[in-house]
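Chain letters run A, B, ... following the sequence lines, proteins first and then strands; every chain starts at 1.
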Number of protein chains: 2
Amino acid sequence: MNKIQNASEDLLNAGIKPSYQRIKIYEFIIKNLTHPTVETVYKKLSKEIPTLSRTTVYNTLKLFEKKELIRSVNIEENEMRYDGQKHIHGHFKCTVCGEIFDFNYNYNDLEFSGLDDFVLNQTDVMIKGICKKCRIKNS
Amino acid sequence: MNKIQNASEDLLNAGIKPSYQRIKIYEFIIKNLTHPTVETVYKKLSKEIPTLSRTTVYNTLKLFEKKELIRSVNIEENEMRYDGQKHIHGHFKCTVCGEIFDFNYNYNDLEFSGLDDFVLNQTDVMIKGICKKCRIKNS
DNA sequence: ATTCATATTTGTAATGGTTACAAAATTAAA
DNA sequence: TTTAATTTTGTAACCATTACAAATATGAAT
Ligand SMILES: [Mn+2]
Ligand SMILES: [Mn+2]
Ligand SMILES: [Zn+2]
Ligand SMILES: [Zn+2]
């Protein structure tokens, strides 16, 4: 049922004016689902947009997140990462290679106690460990 | 079955030499279960230990975490928090008042897919929303 | 087309949490 | 007491992020 839309339409639907920079940043995020940092987005897009500013990337990604177009991933302790996938899923960080993997879990299986009358807006499940590749490499 | 121990014994059991500063920092963390920041620990203990250095607090809390005496909580995006409670529990951050609440969930209810042959070392469940007090206040 | 107001982008400076580092102080062994 | 090892301290550096104002782009009104 997902209507295929282009970047401009997505931005307009979120109430964001689709400027050139915003379209390019949005397209990068939804096409590169590797949880890139601001610096990664900036470096890659700078080749295409030589005048691009880091501040624009920071502000634009923050704007996208506020408008719920994308999500931020905070598993890295020092640097923010962004995620173009909006469906509920968890993140696994390999402490050896640093890569961040997606995984699925059933949100409805989670029962919380101690949060009566709280409003729950966003749930994040984060796991740290060793990925398959690194586990085998260091046999 | 938990044997009641004093701070020195806990530190020794973890392989940490119980210096004066380490004992005080450890006691503060296990007695103040409000997920304090480094700055909070430093400010409070400075009254008791006027010569205390921020660096000591940073290094000591990092050491405690590595030796699995305490846990770090990363739900605050800019500042690290520390937690003297080691049992598995989740963290809720109120986006209005900023307070961080503990909640319980059943770890065994969580079934992951996509992590076959991965080594899982640490799981964190974090929720953002509005706490009861703030929800009522802003009726 | 020109003027004007608004929105967006840009570059630089400042902020703030954290880390690096070496000197000072403490502890323990010889 | 010497000596070496450990711990603590204070300062400087680091670096991701934010603040801010100038520059640029957009769009409507005249
Ligand atoms: Mn993801
Ligand atoms: Mn806790
Ligand atoms: Zn790995
Ligand atoms: Zn609250």
Side-chain angles (χ1 to χ4, degrees), chain A residues 7-8 11-12 14-29 35-67 69-70 72-83 93 98 100, chain B residues 7-8 11-12 14-29 35-67 69-70 72-83 93 98 100:
Chain A
S8 279
L11 295 177
L12 285 170
I16 298 172
K17 189 185 292 184
S19 73
Y20 178 67
Q21 287 87 342
R22 285 169 174 171
I23 290 172
K24 290 298 183 183
I25 292 170
Y26 180 70
E27 285 178 341
F28 185 90
I29 285 292
H35 316 97
T37 64
V38 168
E39 192 64 18
T40 302
V41 177
Y42 170 72
K43 286 260 180 64
K44 287 289 173 60
L45 287 182
S46 285
K47 296 170 184 170
E48 217 179 327
I49 316 169
T51 63
L52 183 65
S53 166
R54 263 189 199 82
T55 302
T56 299
V57 181
Y58 274 104
N59 293 338
T60 301
L61 290 173
K62 223 168 221 291
L63 174 67
F64 289 173
E65 188 195 8
K66 195 174 67 180
K67 296 305 180 82
L69 268 179
I70 67 175
S72 62
V73 181
N74 202 211
I75 194 168
E76 191 86 27
E77 65 285 340
N78 54 335
E79 225 172 339
M80 184 66 82
R81 292 173 174 274
Y82 287 94
D83 193 341
K93 179 179 180 182
I100 293 174
Chain B
S8 278
L11 295 177
L12 284 171
I16 298 172
K17 189 184 291 185
S19 71
Y20 179 66
Q21 287 87 341
R22 285 169 175 171
I23 290 172
K24 289 297 183 185
I25 293 170
Y26 179 70
E27 284 178 342
F28 185 91
I29 286 292
H35 316 95
T37 64
V38 169
E39 191 64 18
T40 301
V41 177
Y42 170 72
K43 285 261 181 65
K44 288 288 174 60
L45 287 183
S46 285
K47 296 170 184 170
E48 217 178 327
I49 317 168
T51 63
L52 184 65
S53 166
R54 264 189 198 81
T55 303
T56 299
V57 181
Y58 274 105
N59 292 338
T60 302
L61 290 173
K62 228 173 219 292
L63 174 67
F64 290 172
E65 189 194 6
K66 195 174 68 180
K67 296 304 180 82
L69 267 179
I70 66 176
S72 61
V73 181
N74 201 211
I75 194 168
E76 191 85 25
E77 64 287 338
N78 54 335
E79 225 171 338
M80 184 66 81
R81 293 174 174 274
Y82 287 93
D83 194 341
K93 178 179 182 183
I100 292 174

Quiz prompt | B/Asn74 side chain reached by B/Met80 side chain, heavy atoms, under 4.5 Å | solution = yes
Quiz prompt | Options D/dT8, D/dT9, C/dT10, nucleotide nearest the side-chain atoms of B/Ser19 | solution = D/dT8
Practice problem: Determine yes or no for a side-chain-to-main-chain donor-acceptor pair under 3.5 angstrom, with A/Arg22 supplying the side chain and A/Lys17 the backbone. | Solution: yes
Exercise. Whole angstrom is fine here: how far is it from CD1 in A/Ile16 over to C1' in C/dA7?
Key: 14 Å
Quiz item: Which is true for A/Thr37 with a 4.0 Å heavy-atom rule: it touches a base, it touches only sugar-phosphate, or it touches nothing?
Solution: nothing
Quiz item: Once you round it to whole Å, what is the distance between P of C/dT8 and CD1 of A/Ile25?
Solution: 13 Å
Exercise. Check whether any side-chain heavy atom of B/Leu61 sits under 4.5 Å from a side-chain heavy atom of B/Val57, and report yes or no.
Key: yes
Practice problem: Starting from C1' on C/dT9, measure out to CG on A/Leu63 and report it in whole angstrom. | Solution: 13 Å
Quiz item: Between B/Ile25 and B/Phe64, is any pair of side-chain heavy atoms under 4.5 Å apart?
Solution: yes
Quiz item: Is A/Gln21 near enough to C/dT10 that one of its side-chain N or O atoms lies under 4.0 angstrom from OP1 or OP2?
Solution: yes
Quiz item: Nearest-Å distance, CG (A/Leu45) to P (C/dT10)?
Solution: 11 Å
Quiz item: Given D/dT8, is OP1 or OP2 found less than 4.0 Å from the side-chain N or O atoms of B/Ser53?
Solution: no
Exercise. Could you encode protein contacts along nucleotides 13-29 of chain C as a string, one character per nucleotide from 5' to 3', using B for base contact, S for sugar-phosphate-only contact and - for no contact, with a heavy-atom cut-off of under 4.0 Å?
Key: ----SBBBB--------
Exercise. Return yes if a side-chain donor-acceptor contact under 3.5 Å exists between B/Gln21 and B/Thr56, otherwise no.
Key: no
Quiz item: Whole-Å distance between C/dT9 P and A/Leu61 CG?
Solution: 12 Å
Quiz item: Looking only at atom types and distance, does a side-chain atom of B/Arg81 sit under 3.5 Å from a main-chain N or O of B/His35, one as donor and one as acceptor?
Solution: yes
Quiz prompt | A/Lys24 NZ - C/dT8 C1' separation (whole Å) | solution = 18 Å
